[in-house]
Amino acid sequence: MKQQPQLATMLKNQSFDGFLLTRAATQRTSSNGSKYLDMTLCDISAEVNAKMWDGNTPAPAPAQVLRVRGVMLEYNGKPQLRVDKLRPATEDDDYDMAALAPCAPQPAGEMMDFILNRVDAIADRELKALVLKRLEEAGDRLMYYPAASRLHHAERSGLLHHTSTMLQTAKAVCEIYPFLDADLLAAGVILHDLCKLDELNADEIGMASDYTREGQLLGHLVMGVAALDRCARELNVRSELTVMLEHMILSHHDLPEYGSPKRPMFPEAEVLHILDVLDARMFEMRRELSMVKPGGFTDRIWSLERKLYRRKEAPVRPESPESDAEA
């Protein structure tokens, strides 16, 4: 069946009959003692709080596809879906997963090929071998893993999306500042978040349900340095190169309150941090602004500590040579 309507376009009192994904679901008890389901459901356009007042229905598992019937209401000025019926989707159901799960804009295979081509261009043999070994250890999980559980690039193949976009920006930055070691910076981009594969528990839909034990106790910066050091020793990579890459991983969050014990201490490490922040913020801003009308403001975004404004007028784009020729 065709997925209609999308959550982001639904109006108050509009009916919904289609498929949604479970982000979270808990059975709760109201003040009068009755039980109900408190859920976060999503499709590719948005996620919404949902309530089902039938306390006999068990809470669905995270990342489960559901057939849902209900009505969009409003609570405290925000959309809330009242669910009248739900059931787990079956193999016989006709639904499009791409309409449900947030996904990276490019196919995972294309992004992976782009990253591997950049690694192949690394001139330093030891550096190339080290990066390739870490990518081989990452395995198939890299094809679908998100880069976060809730914030930037929390989507299927989000880690590849984040990495490949940063690599493109790194190339442009190195053209402007040619004194930078482009290969070292590219290696840092590829390696900096690779241990998010071990920090997050994520399914093949690309949804992260929680942090792993190691993710909670150590975090991807510390795990990334440990994994890199182990691989460097196995490959007998020279010590200065190893330490510089380890510093780039440790310092890419910049400040202790964000998890970095050291601030960037050489240019490539500084650029890595800036590219990481830039890519994360552009992703979040684009996503949040897509959910408000032109001329409107978003709610306050806690990760950015501010509201955002969406301009009314579309930006003027230069005409392409093709359009000039046609004219």
**OP:** Examine M282 and M166 and state if one hydrophobic cluster contains both, with Ile, Leu, Val, Met, Phe, Trp and Tyr joined whenever side-chain heavy atoms are less than 4.5 Å apart.
**Re:** no
Original post:
If two hydrophobic side chains count as joined below 4.5 Å and joins carry through other members, does F266 share a cluster with L275?
Top reply: yes
Original post:
Ion pair present between R233 and D229, side-chain N to carboxylate O less than 4.0 angstrom?
Top reply: yes
**OP:** Verify whether the ring centers belonging to H252 and H220 lie closer than 6.0 Å.
**Re:** yes
Original post:
How many angstroms lie between OG in S251 and CG in L272, if you round to the nearest 0.5 Å?
Top reply: 7.0 Å
**OP:** Indicate the atoms forming the closest heavy-atom contact of L197 with A138, along with that distance.
**Re:** CD1-CB, 3.4 Å
Original post:
With distance as the sole criterion, is a donor-acceptor pair present between the side chains of N49 and Q80 under 3.5 Å?
Top reply: yes
Original post:
Of all heavy-atom pairs between A46 and L7, which one has the smallest distance, and what is that distance?
Top reply: O-CD1, 3.6 Å
**OP:** Starting from the C-alpha separation in whole Å, work towards a yes-or-no answer on side chain to side chain contact (heavy atoms under 4.5 Å, CB included) for F283 and E155.
**Re:** CA-CA 11 Å; F283 181 94; E155 57 185 3; 3.6 Å; yes
Original post:
Looking at R263 and E270, does any basic side-chain N land under 4.0 Å from a carboxylate oxygen?
Top reply: no
**OP:** Indicate yes or no: does D38 engage K51 in a salt bridge with an N to O separation below 4.0 Å.
**Re:** yes
Original post:
Measuring from L20:CG to I44:CD1, what's the distance to the nearest 0.5 Å?
Top reply: 13.0 Å
Subject >> Residue pairs involving residues 24-58 (criterion ring pair (Phe, Tyr, Trp, His ring centres under 6.0 Å); sequence neighbours excluded) >> reply: Y36-W53
Subject >> Shortest non-hydrogen separation from T163 to V189 and the atoms involved >> reply: O-CG1, 3.6 Å
**OP:** Answer yes when D198 and R213 have at least one side-chain N-carboxylate O distance shorter than 4.0 Å, and no when they do not.
**Re:** no
**OP:** Identify the two heavy atoms, one from G259 and one from L221, that lie closest to each other, and give their separation to 0.1 Å.
**Re:** O-CD2, 3.7 Å
Original post:
If we ignore angles and hydrogens, is there a donor and acceptor under 3.5 Å between the side chains of T212 and E199?
Top reply: no
**OP:** Decide, yes or no, whether a salt bridge links D120 with R118 under the criterion of side-chain N to carboxylate O below 4.0 Å.
**Re:** no
**OP:** Provide the closest heavy-atom pair for V83 versus A50 in the form atom of the first, atom of the second, distance.
**Re:** CG2-CB, 4.0 Å
**OP:** May I have the step-by-step check of side chain to side chain contact (heavy atoms under 4.5 Å, CB included) for M72 and N13, ending in yes or no?
**Re:** CA-CA 5 Å; M72 185 63 76; N13 297 321; over 6 Å; no
**OP:** Tell me, with the steps shown, if E137 and C231 meet side chain to side chain contact (heavy atoms under 4.5 Å, CB included).
**Re:** CA-CA 10 Å; E137 290 184 344; C231 290; 3.5 Å; yes
**OP:** May I ask you to check whether H161 and Q106 show a side-chain donor-acceptor distance below 3.5 Å?
**Re:** no
**OP:** Look at R141 together with D203 and state whether they make a salt bridge at an N to O cut-off of under 4.0 Å.
**Re:** no
Original post:
Any ring pair (Phe, Tyr, Trp, His ring centres under 6.0 Å) pairs touching residues 106-144, not counting sequence neighbours?
Top reply: none
Original post:
Any chance the rings of H162 and H192 have centres within less than 6.0 Å?
Top reply: yes
Original post:
Are R67 and D17 close enough for a salt bridge, meaning some N to O gap below 4.0 Å?
Top reply: yes
Subject >> Working for side chain to side chain donor-acceptor pair (under 3.5 Å), residues T90 and D92 >> reply: CA-CA 5 Å; T90 68; D92 296 328; 4.7 Å; no
**OP:** Could you check V277 against R281 for side chain to side chain contact (heavy atoms under 4.5 Å, CB included), going step by step and ending with a plain yes or no?
**Re:** CA-CA 6 Å; V277 173; R281 288 185 178 176; 3.5 Å; yes
Subject >> Pairs touching residues 168-180 that satisfy salt bridge (Lys or Arg N to Asp or Glu O under 4.0 Å), sequence neighbours left out >> reply: K171-E175
Original post:
What is the minimum heavy-atom distance between C174 and L185, and which atoms define it?
Top reply: SG-CD2, 3.7 Å
Original post:
Side-chain donor-acceptor pair under 3.5 Å between D43 and S45, yes or no?
Top reply: yes
Original post:
Do E288 and R306 sit within salt-bridge range, that is, some charged N less than 4.0 Å from a carboxylate O?
Top reply: no
